[in-house]
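Structure record follows, encoded as C-alpha cells.
Since we're looking at a predicted model, the values are computed, not measured. One is the number of the first residue; the rest follow in order along the sequence.
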Amino acid sequence: MTRYAKLILWLIGVWFVLAVTLSALHVIQTEPGRAPLALGLAAGIPIVVFLVGFSVSTGLREFLLSLNPRILTAIQSWRLVGFVFLVLAAYGILPKVFALPAGWGDIAIGATAPLAAAILAKAEHRRSFLAWQALGMLDLVMAVALGALAGTLNPQGIVTSPMTVLPLSLIPTFAVPLLLMLHIICVAQARRWPARAVRSNGAPLAAPVV
C-alpha cells in the first residue's frame, strides 16, 4: 500500500504545479463573455482520471478505501475559507449570484466538517454521514454551475473571470476537484459499512476506521 501512497502524493504534487503553471501562463484565463472551456477542462480532467483509476485499479481502490474517513472528512474544514467569496462579492469583484451561494455553502460544510468527522463517521450514523457527504458534493457542483452560468443569469453584471487567474484559479482547478474526490471516497467507504452494526450485547458497533 505504501507505493500507492507515494504515487498519490506525487500525482497531487504534479497536479498542483501544473495548475499553477497553467494559470501563470494564462492558459485558462477567460475573457468576459466567453465560455470558460479551458477552465472546465482543467477542473474536469483530474476528476475523470480519478474515476477511471478508482474503477479500473483494484489495488488503488482498496488503498483509497482503507484511508481514515474521519481524516478525509475533517479536511473539508478548509472550506471555511469560502468567506473569501463573500468578501469579494461585497467589493464587487465577483457576482453575488455565484459568490453568495458558493461562499455560504462552503462555510456551512467547513463548519460542520469536524462534527461530521467526529460523530457521523461510523456505521450507526451511516445514513447521516452519506447525507452530509452528498450535501458537500452538491455544494461543489452548485458552485461550479453558478460560476459557469453567472454571465447567462446576469449578462450585464459582474463576471467570474477573476476565477480564471491566480490565485483564485486554484480553487476550480485544484481545490474543488480534490475535495470532490475526498467526498467520493467517503461515500464509497460508507456504502461498505453495514446498515446497522451492533455488538452481541446490543450496543452500537462503530465501523472500523483504519
Side-chain angles (χ1 to χ4, degrees), residues 6-55 60 64 72 75-110 113 136-185:
K6 292 180 178 179
L7 174 62
I8 290 173
L9 289 175
W10 183 83
L11 289 174
I12 291 177
V14 171
W15 175 18
F16 180 79
V17 172
L18 183 60
V20 172
T21 302
L22 291 176
S23 295
L25 295 176
H26 306 294
V27 174
I28 63 173
Q29 185 173 357
T30 304
E31 297 298 327
R34 293 187 178 182
L37 296 180
L39 182 66
L41 289 173
I45 290 177
I47 297 175
V48 172
V49 172
F50 164 77
L51 291 175
V52 170
F54 190 83
S55 301
L60 176 62
L64 292 175
L72 299 184
I75 291 174
Q76 302 287 348
S77 298
W78 282 97
R79 287 161 71 171
L80 282 170
V81 299
F83 79 89
V84 171
F85 287 146
L86 306 182
V87 174
L88 294 177
Y91 280 91
I93 298 174
L94 289 175
K96 292 183 179 180
V97 68
F98 155 71
L100 295 186
W104 284 116
D106 278 343
I107 291 172
I109 295 299
M137 289 190 286
L138 178 62
D139 171 58
L140 294 175
V141 172
M142 178 191 67
V144 172
L146 289 176
L149 296 174
T152 302
L153 296 174
N154 187 7
Q156 307 303 321
I158 301 170
V159 297
T160 56
S161 55
M163 294 297 300
T164 66
V165 296
L166 287 172
L168 293 179
S169 60
L170 292 178
I171 295 176
T173 61
F174 182 77
V176 168
L178 181 59
L179 293 173
L180 183 60
M181 293 174 194
L182 298 184
H183 278 306
I184 293 172
I185 294 170

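Of all heavy-atom pairs between Ala89 and Leu100, the closest is CB-CD2, 4.4 Å. Nearest heavy atom pair, residue Pro46 against residue Ala42, reads CD-O, 3.1 Å. Of all heavy-atom pairs between Pro162 and Val159, the closest is CD-O, 3.6 Å. Residues Ala43 and Pro172 come closest through the heavy atom pair CB-O, 3.1 Å. The shortest heavy-atom contact between Leu94 and Ala99 is CB-CB, 4.1 Å. When all heavy atoms of Met137 and Ile184 are compared, the pair lying nearest together is SD-CG1, 4.2 Å.
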- Does the pair Lys96 and Ile158 meet the rule for a side chain to side chain contact (heavy atoms under 4.5 Å, CB included), with working shown? CA-CA 8 Å; Lys96 292 183 179 180; Ile158 301 170; over 6 Å; no
- Intermediate values then yes/no, side chain to side chain contact (heavy atoms under 4.5 Å, CB included), Leu140 and Arg79: CA-CA 10 Å; Leu140 294 175; Arg79 287 161 71 171; 3.6 Å; yes
- Go through the steps to decide whether Leu86 and Ile107 satisfy the test side chain to side chain contact (heavy atoms under 4.5 Å, CB included), and finish with yes or no. CA-CA 10 Å; Leu86 306 182; Ile107 291 172; 3.7 Å; yes
- Task: Take Leu146 and Thr160 through the side chain to side chain contact (heavy atoms under 4.5 Å, CB included) test and state the conclusion after the steps.
- Result: CA-CA 10 Å; Leu146 289 176; Thr160 56; over 6 Å; no
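Enclosure of atom CH2 in Trp78 is not indicated, since only 12 or fewer non-hydrogen atoms of other residues, nucleotides or ligands lie within 6.0 angstrom.
Atoms CD1 and NE2, from Ile109 and His183 in turn, are 6.0 Å apart once rounded to the nearest 0.5 Å. The structure places CG of Leu64 at 9.5 Å from CG of Leu182, a figure rounded to the nearest 0.5 Å. Atoms CE and OG1, on Met163 and Thr173 in that order, are 9.0 Å from each other to the nearest 0.5 Å.
Under the side chain to side chain donor-acceptor pair (under 3.5 Å) criterion, Ser169 pairs with Ser23, sequence neighbours left out. Judged as a side-chain contact (heavy atoms from CB on, under 4.5 Å), and not counting sequence neighbours, the contacts of Ala113 are Gln76, Ser77, Trp132. For Phe16, the side-chain contact (heavy atoms from CB on, under 4.5 Å) partners two or more places apart in sequence, or in a different chain, are Val20, Leu170, Phe174. Scanning for side-chain contact (heavy atoms from CB on, under 4.5 Å) contacts around Ser55 gives an empty result, with sequence neighbours left out. Listed by chain and residue number, nothing satisfies the side-chain contact (heavy atoms from CB on, under 4.5 Å) test with Ala175 (two or more places apart in sequence, or in another chain).
Listed by first and then second residue, the ring-ring contact (aromatic ring centres under 6.0 Å, His included) pairs that reach into residues 81-107 are Phe85-Phe98, sequence neighbours excluded.
Between Val81 and Asp106 the shortest side-chain heavy-atom distance does not fall below 4.5 Å.
Just one of Ile185, Leu180, Leu178 meets the side-chain contact (heavy atoms from CB on, under 4.5 Å) condition when paired with Phe50; it is Ile185.
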